[in-house]
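In the text below, chain A, chain B and the rest are named by the order of the sequence lines, each starting its count at 1. Every heavy atom of this structure was used, including side-chain atoms; hydrogens, water molecules and symmetry mates were not.
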Number of protein chains: 2
Amino acid sequence: MGRTSDAREKLLAAALDLIWTSSYGGVSVDDICVRAGVNKGSFYHFFPSKSDLAVAAYEAHWQEKRPAMDAVFSSQNPPLDRLIDWCRRIQEGQTEMHAQYGFVVGCPYANVGSELATQDPKIRAKTQEMLDRGFRYIEAAIADAQRQGLIDVADATAAAKQVSSCVLGLLIQAKIENDPGLLSELEPTMMRLLGAKMVPA
Amino acid sequence: MGRTSDAREKLLAAALDLIWTSSYGGVSVDDICVRAGVNKGSFYHFFPSKSDLAVAAYEAHWQEKRPAMDAVFSSQNPPLDRLIDWCRRIQEGQTEMHAQYGFVVGCPYANVGSELATQDPKIRAKTQEMLDRGFRYIEAAIADAQRQGLIDVADATAAAKQVSSCVLGLLIQAKIENDPGLLSELEPTMMRLLGAKMVPA
DNA sequence: TCACCAGTTAACCGAACGGTCAAATAATTC
DNA sequence: GAATTATTTGACCGTTCGGTTAACTGGTGA
């Protein structure tokens, strides 16, 4: 039935890349098309609107990152190791992008979510959903750590909420100061919030 | 020397209001002019560009809020009371704006900072400066609390950095979920980070 | 082989964008 | 009251915005 194309995938990748390193409002449909090497007509063949593309791009990004997240947060791994490993990966990823683009780019979901939360209900809801997916990993890890007596928290869900907010906050701070070094505070902040029992180095 | 005018102040107020409840990219110079009841020619009589207006608007907002911050963080007040009072005010302010606009609007500085950090160096630097001003209040309060043995932290500056990041993170989270109720976690998160000694209710 | 149809192309749309300008106006100073 | 000058006015500029359209192309399935 008709011809096939990878234009859709190229548009998703271009959109993620450009919006992540700039902002939703700072990137035009034309910019995305040029980067993807696709005509605007094709853009609107695959996506009804710019915001629909953004939503699809974030969904695609998640699907790509999901296996790595599943591995990091595998229940085979000790719960605190999962969290520490995750912190390390965030720091490495941001440091790498900082080297590549000259900027700390922060969390792609939170970036657009914060920008458009009061303007585009669909994007706001999608952002919330994306962040919630990450939250569930954290929550499970913290609940496991709690069960194993590794940390000192009363309510695992509440603690997970605090932890995820702090990670978001540190990413924003690092972006605004454009300093990936701030992200070395990720792990200590998290451990402090969890009242983690100290492990001798 | 020529006539006087309050157009500048009206533009500053309109810009703050519109950008805070929407976003920098989501508000046009025309929008701001209409809200302020000022012609576009007058806009460019007072400000060389849209981004210069934004910077001036945030500076004006700070100057307006500064007396209240000085009062809250007065060294006459017990250090932890300062922080707790501040949390309460943030929560109240966001709840009020949520009732008025239908949205959790978050921190005005962090909002634009996060949106434009990778695009506009002047705004990025200004945002960093604004957040640093708030940081100094927190840092002083935490240092005082530490001296008085009210909390359990090794490095007051590092702890202040963690606290300010977490506040930022909770505000973003509340904005994305559009739920001011999340901000009730402000105080407990902060106290936990500081290892505050429990005070019997 | 050929009909079908997903995908491509590039010109085009009206609206909105940030910003400019020269002339008109009114408040202040002397 | 005249000279000065900060402010106001609203038309105007070229560009870019998100999105549309209709004709065209070529791979696929029958």
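Looking at B:S28 and B:D31, their side chains do bring a donor and an acceptor atom within 3.5 Å of each other. Under the 3.5 Å distance criterion, with hydrogens and angles disregarded, a donor-acceptor pair is assigned to the side chains of B:E139 and B:T157. Side chains of B:D17 and B:Y101: a donor-acceptor N/O pair is present below 3.5 angstrom, by distance only. Side-chain contact annotation: B:N77 with B:S74, donor-acceptor N/O pair under 3.5 Å absent. Side-chain contact of B:E115 with A:S114: a donor-acceptor pair under 3.5 Å is absent, judged by distance alone.
Using a 4.0 Å cut-off on heavy atoms, none of the residues of residues 113-121 of chain B approach DNA chain D. Non-hydrogen atoms lying under 4.0 Å from DNA chain C are contributed by B:V27, B:S28, B:V29, all within residues 18-34 of chain B.
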Report, as a single string ordered 5' to 3', how protein heavy atoms within less than 4.0 Å touch nucleotides 3-12 of chain C: B base, S sugar-phosphate only, - not at all. --BBBBBB--

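Between the C1' atom of D:dT16 and the NZ atom of B:K50 lies a distance of 13 Å, rounded to the nearest Å. Distance, A:D52 CG to D:dG18 C1': 13 Å, rounded to whole Å.
Between A:Y44 and the phosphate of D:dT20, there is no side-chain N or O to OP1/OP2 separation shorter than 4.0 Å.
Looking at heavy atoms from C-beta onward, A:K175 lies in side-chain contact with B:T118 at the 4.5 angstrom threshold.
By the 6.0 Å and 45° rule, B:K50 stacks over the aromatic ring of B:Y24.
Using cut-offs of 30° and 60° on the angle between ring planes, the pair A:W20 and A:H61 is perpendicular.
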Derivation and outcome, side-chain contact (heavy atoms from CB on, under 4.5 Å), residues B:Q173 and A:S164: CA-CA 9 Å; B:Q173 191 98 38; A:S164 67; 3.9 Å; yes

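Other residues, nucleotides and ligands contribute over 12 non-hydrogen atoms within 6.0 Å of the CD atom of A:E59.
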